[in-house]
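Data block below; observations after.
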Protein chains: 2
Amino acid sequence: MEKRAGDHKRNVTIDDVAALAGVSRQTVSRVINRSPNVRDSVRERIEQAIEQLGYVANLSARRMGGGKSFLILAINDKARTIENWSAGRGNDWVDQMLFGGMTECQKHGFHMSFELVDTEPDQARKQLSDIVAALRPDGVILTPPHSDNPELLELLERRAIPCGRIARSEGGAFVDVYMDEEGAAYEASRHLLRFGHRRIAFLSGNPTYANARARLAGFRRALAEEGLGESAAVTGSGDFHFERAEDVVSDWLSAPNPPTAIIADNDEMAHAALHVARRNGLAVPSDLSVISFEDTPGVRFTLPPLTAIRQPTAEMFAKACERLITVSGGGDGLGAYAVPFTLVVRDSTGPAPE
Amino acid sequence: MEKRAGDHKRNVTIDDVAALAGVSRQTVSRVINRSPNVRDSVRERIEQAIEQLGYVANLSARRMGGGKSFLILAINDKARTIENWSAGRGNDWVDQMLFGGMTECQKHGFHMSFELVDTEPDQARKQLSDIVAALRPDGVILTPPHSDNPELLELLERRAIPCGRIARSEGGAFVDVYMDEEGAAYEASRHLLRFGHRRIAFLSGNPTYANARARLAGFRRALAEEGLGESAAVTGSGDFHFERAEDVVSDWLSAPNPPTAIIADNDEMAHAALHVARRNGLAVPSDLSVISFEDTPGVRFTLPPLTAIRQPTAEMFAKACERLITVSGGGDGLGAYAVPFTLVVRDSTGPAPE
DNA sequence: CTGAAAGCGCTTACAG
DNA sequence: CTGAAAGCGCTTACAG
């Protein structure tokens with residue numbers, strides 16, 4: 001299966017372009033890289049040659065020669081991602097990550113690469129170290145829980161690779177992009193309070209996550225502002241899982257003085273709330289309002305379609321890429337950036353029952 | 001933002017390993033590439049040096065030197081993918097594609113890269129040509145509709161890049177991986193026939209797709225085998241869209257002698273069937289059975305959860321990667337491969353009503 | 001504004 | 001079994 005000579009055109013290189021345009025190789029390089037100091041007539045001649053030959057620079061060669069990779073690397077938690085994928089339970093986090101990242105990178109002539117890394121500290125360190133050594137990315141984006149791993153942050157810092165975190169984090173020379181979780185929970189709660197709900201349950205995911213705590217805080221703030229005491233706020237953890245959420249909601253709905261609205265920390269738990277409501281003969285939203293935090297594709301098709309806080313995942317990755325590309329080019333871009341969320345109102349929320 | 005000398009360790013190269021192990025650079029290269037002809041004692045010494053230095057080869061340099069990229073490129077239709085992503089309507093096709101592809105590639109020391117290409121012929125050709133010139137992948141996987149585009153196939157053939165198609169296709173030196181669509185529709189139909197259904201509707205997506213025609217054929221074969229005439233088979237097109245599917249199903253259910261079961265060509269249309277059934281006061285599955293072709297994450301959470309044919313997307317991409325890697329290494333791997341599907345039985349199908 | 005030289009970090013023939 | 005040389009296709013200083 002050897003390539004026979006003459007079997008097909010040899011790949012066209014920068015020297016072919018230089019020869020055709022009658023200039024030196026590095027002048028062509030200047031045009032490719034939009035460097036200044038090329039006479040217009042020469043530039044045009046070179047551009048024509050490029051066009052005519054269909055020349056596109058070999059990216060690996062550019063990386064080798066210039067020490068730039070034109071690559072932003074996005075890292076996700078391996079175990080969790082694989083588990084979701086193999087259960088056919090992909091939410092669209094990865095999709096939105098690629099959407100925002102690929103689109104933004106392309107604008108700048110960059111590529112986005114997506115890799116998985118384990119959470120266990122030793123493995124995480126080794127795996128990220130290897131990936132970075134092999135790929136030499138110009139920037140790395142870390143998502144939770146990696147974004148909170150000091151060893152990984154230090155590794156990237158030591159190798160002078162600009163690093164972005166999709167999380168609200170403090171300290172260090174990073175690009176931090178996040179959504180205002182506290183504010184989103186506040187808005188979701190306000191939406192329900194305006195409908196007259198006076199007993200609201202917050203079905204949280206996992207209280208060990210900083211996000212979960214921030215949301216809970218926003219929820220409490222909204223209730224407090226309305227002058228509602230602690231008794232108005234029902235809370236419990238469904239650990240992001242359908243079955244566990246079902247149990248918690250069942251308990252709530254069969255207790256005396258049940259909540260008239262539920263805010264769920266993710267869509268899967270919101271689905272569970274819908275199922276339990278139906279089993280208990282409660283109509284949504286007339287007997288019970290449900291609102292979710294996530295807005296994955298399926299929520300438009302539930303009965304009824306779910307009102308939800310939409311995470312700006314794509315926008316966050318786009319922003320992180322844009323900033324990292326700036327930083328890798330020597331520009332000024334470190335810092336923290338909040339990206340706005342949206343409350344998508346559908347049919348699962350309505351006035352509180354009498 | 002220059003890297004100051006001494007600011008951090010210089011990247012370790014193959015020469016550092018060679019120096020530490022006291023051998024030449026190409027002997028280290030042999031160990032990295034698992035070539036034969038290295039004395040065991042020397043191999044061990046080198047492996048220790050690699051371990052000690054934490055050396056990982058620079059992938060771009062390997063690509064430059066060896067003419068191999070260790071890269072498999074998966075191409076999706078740009079417009080459709082972006083449209084789904086921006087509508088927040090990602091099914092998990094991309095997820096499963098990455099799942100199967102990344103996992104398999106990693107086993108062989110390869111990477112998977114994912115890119116989008118437009119459908120319009122001129123753009124498609126130009127874009128694929130550019131990507132291939134920049135990245136020099138060792139293999140490319142084309143999905144519909146690109147997998148049926150003769151220009152793209154020819155382009156890859158001319159550049160001697162092994163090409164895989166995720167589609168049932170004929171002719172050419174390709175790796176073709178597909179699922180038995182006709183057989184899957186046959187199985188879905190059998191499932192309903194065993195429940196005693198004698199009037200079944202097939203809600204097809206878009207009859208211009210070869211897959212759609214194959215499924216319809218499987219459906220008809222199952223009914224014919226049971227001795228049911230044309231009148232038992234109701235068919236219509238919902239064009240893969242919720243609203244259009246709603247209209248079709250509404251018509252069916254309000255007509256005299258309505259079907260007692262519906263097979264939908266994708267999940268979105270199955271969701272629509274569920275909504276219309278509910279509006280018409282029909283219980284699923286006691287009054288109407290529904291079965292879908294796709295099995296995206298949301299179907300486990302509908303009321304009731306949907307019985308569905310599960311597309312083996314990850315398995316198809318894994319297979320394609322494995323074969324392409326073999327072919328790119330000079331091995332024998334071209335040909336057509338069928339990957340088994342699964343009928344996932346949940347709660348939306350049951351005995352036909354009296 | 002343009003070019004000749006050196007080098008990025010590997011691998012592939014080719015010697016021995 | 002091991003090594004010295006050449007080359008992959010670019011970019012980066014450095015001259016002019």
Side-chain angles (χ1 to χ4, degrees), chain A residues 2-3 5 9-19 21-46 49-50 53 55-71 109 132-136 138 328-330, chain B residues 2-3 5 9-19 21-46 49-50 53 55-71 109 132-136 138 328-330:
Chain A
E2 297 298 306
K3 301 180 186 178
K9 298 185 298 219
R10 188 176 60 77
N11 285 314
V12 8
T13 71
I14 193 172
D15 288 319
D16 298 324
V17 176
V23 298
S24 74
R25 188 200 295 157
Q26 43 281 33
T27 304
V28 178
S29 177
R30 287 195 185 90
V31 172
I32 296 170
N33 293 292
R34 306 179 188 296
S35 306
N37 298 341
V38 180
R39 217 190 320 156
D40 276 355
S41 64
V42 175
R43 180 183 303 280
E44 277 170 31
R45 199 140 38 86
I46 293 175
I50 288 176
L53 260 26
Y55 170 72
V56 175
N58 179 326
L59 196 52
S60 291
R62 298 187 77 188
R63 288 171 178 165
M64 279 300 296
K68 283 192 59 174
S69 65
F70 305 95
L71 215 207
V132 156
L135 263 29
R136 309 288 156 99
D138 289 335
S328 81
Chain B
E2 298 297 306
K3 300 180 185 176
K9 296 186 302 219
R10 188 177 58 79
N11 285 313
V12 8
T13 73
I14 194 171
D15 287 321
D16 297 324
V17 176
V23 297
S24 76
R25 188 202 295 159
Q26 42 283 32
T27 304
V28 177
S29 176
R30 288 195 182 90
V31 172
I32 296 170
N33 292 293
R34 305 182 188 296
S35 307
N37 298 340
V38 180
R39 217 189 321 155
D40 276 355
S41 64
V42 174
R43 180 183 303 280
E44 278 172 31
R45 200 141 37 87
I46 293 174
I50 289 176
L53 260 24
Y55 170 71
V56 174
N58 179 326
L59 195 52
S60 290
R62 298 186 76 188
R63 288 172 178 165
M64 279 299 296
K68 284 192 59 176
S69 65
F70 305 95
L71 216 208
V132 156
L135 263 30
R136 309 289 157 98
D138 289 335
S328 80

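You'll find that the side chain of B:Arg62 is closest to C:dC10, out of D:dT11, C:dC10, C:dG3. For A:Ala57, counting side-chain heavy atoms from C-beta on, the closest listed nucleotide (D:dG3, C:dA4, D:dC10) is D:dC10.
A:Ile14 places its CD1 atom 14 Å from the C1' atom of C:dT2, with the value rounded to the nearest Å. The CZ-P distance, from A:Arg25 to C:dG7, rounds to 14 Å in whole Å. Taking atom CD1 on A:Ile50 and atom P on D:dC10, their separation rounds to 10 Å, with Å as the unit. In this structure, A:Met64 atom CE and C:dG9 atom P are separated by 6 Å, rounded to whole Å. Computed from coordinates, the B:Phe70 CZ to D:dC8 C1' distance equals 14 Å when rounded to whole Å. Residue B:Asn11 contributes atom CG, which lies 18 Å from atom P of C:dG7 at whole-angstrom precision. Protein atom CG of B:Asn58 is 18 Å distant from nucleotide atom P of C:dG7, rounded to whole Å. Rounded to a whole Å, the CG atom of A:Leu53 is 14 Å from the P atom of D:dG9.
OP1 or OP2 of C:dT11 lies within a sub-4.0 Å distance of a side-chain N or O belonging to B:Ser29. For A:Ser24, a side-chain nitrogen or oxygen approaches OP1 or OP2 of C:dG3 to under 4.0 Å.
Among residues two or more places apart in sequence or in another chain, the side chain to side chain donor-acceptor pair (under 3.5 Å) test is passed with A:Ser24 by A:Thr27. B:Arg43 is linked by a side chain to side chain donor-acceptor pair (under 3.5 Å) to nothing, counting only residues two or more places apart in sequence or in another chain.
Judged by distance alone with a 3.5 Å cut-off, no donor-acceptor contact links the side chain of B:Arg136 to the base of D:dG9. Taking only distance into account, the side chain of A:Arg63 never meets the base of C:dG9 through a donor-acceptor pair shorter than 3.5 Å.
Each of B:Gly66 and B:Gly22 was assigned the nucleotide of DNA chain D with the nearest heavy atom; the assignment lying further toward the 5' end belongs to B:Gly22.
Atoms CZ and CD1, on B:Arg25 and B:Ile14 in that order, are 7.0 Å from each other to the nearest 0.5 Å.
Summarising the geometry of B:Val12 relative to A:Arg136, their closest heavy-atom pair is O-NH2, 4.5 Å, with the distance given to 0.1 Å. Across every non-hydrogen atom of A:Ile32 and A:Tyr55, the tightest pair is CD1-CE2, 3.6 Å.
A stem is defined here as three or more consecutive Watson-Crick or G-U pairs, each with both distances under 3.5 Å; for DNA chain D these stems are C:1-3 with D:14-16, C:5-12 with D:5-12, C:14-16 with D:1-3.
Tested against B:Val31 for a side chain to side chain contact (heavy atoms under 4.5 Å, CB included), the candidates B:Val38, B:Val23, B:Val42 yield a single pass: B:Val38.
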With a 3.5 Å cut-off and sequence neighbours excluded, list the donor-acceptor pairs that the side chains of residues 59-67 of chain A form with protein atoms.
| from | atom 1 | to | atom 2 | distance (Å) |
| --- | --- | --- | --- | --- |
| A:Arg62 | NH2 | A:Asn33 | OD1 | 2.4 |
| A:Arg63 | NE | A:Ser69 | O | 2.8 |
| A:Arg63 | NH2 | A:Ser69 | O | 3.2 |

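For the salt bridge (Lys or Arg N to Asp or Glu O under 4.0 Å) condition, no pair includes a residue of residues 26-39 of chain B, sequence neighbours left out.
At least one side-chain heavy atom of A:Val17 sits under 4.5 Å from a side-chain heavy atom of A:Ile46. You'll find the side chain of B:Lys68 reaches within 4.5 Å of the side chain of B:Asp138, heavy atoms only.
Less than 4.0 Å separates DNA chain C from at least one heavy atom of each of the following residues of residues 37-44 of chain A: A:Asn37, A:Val38, A:Arg39, A:Val42.
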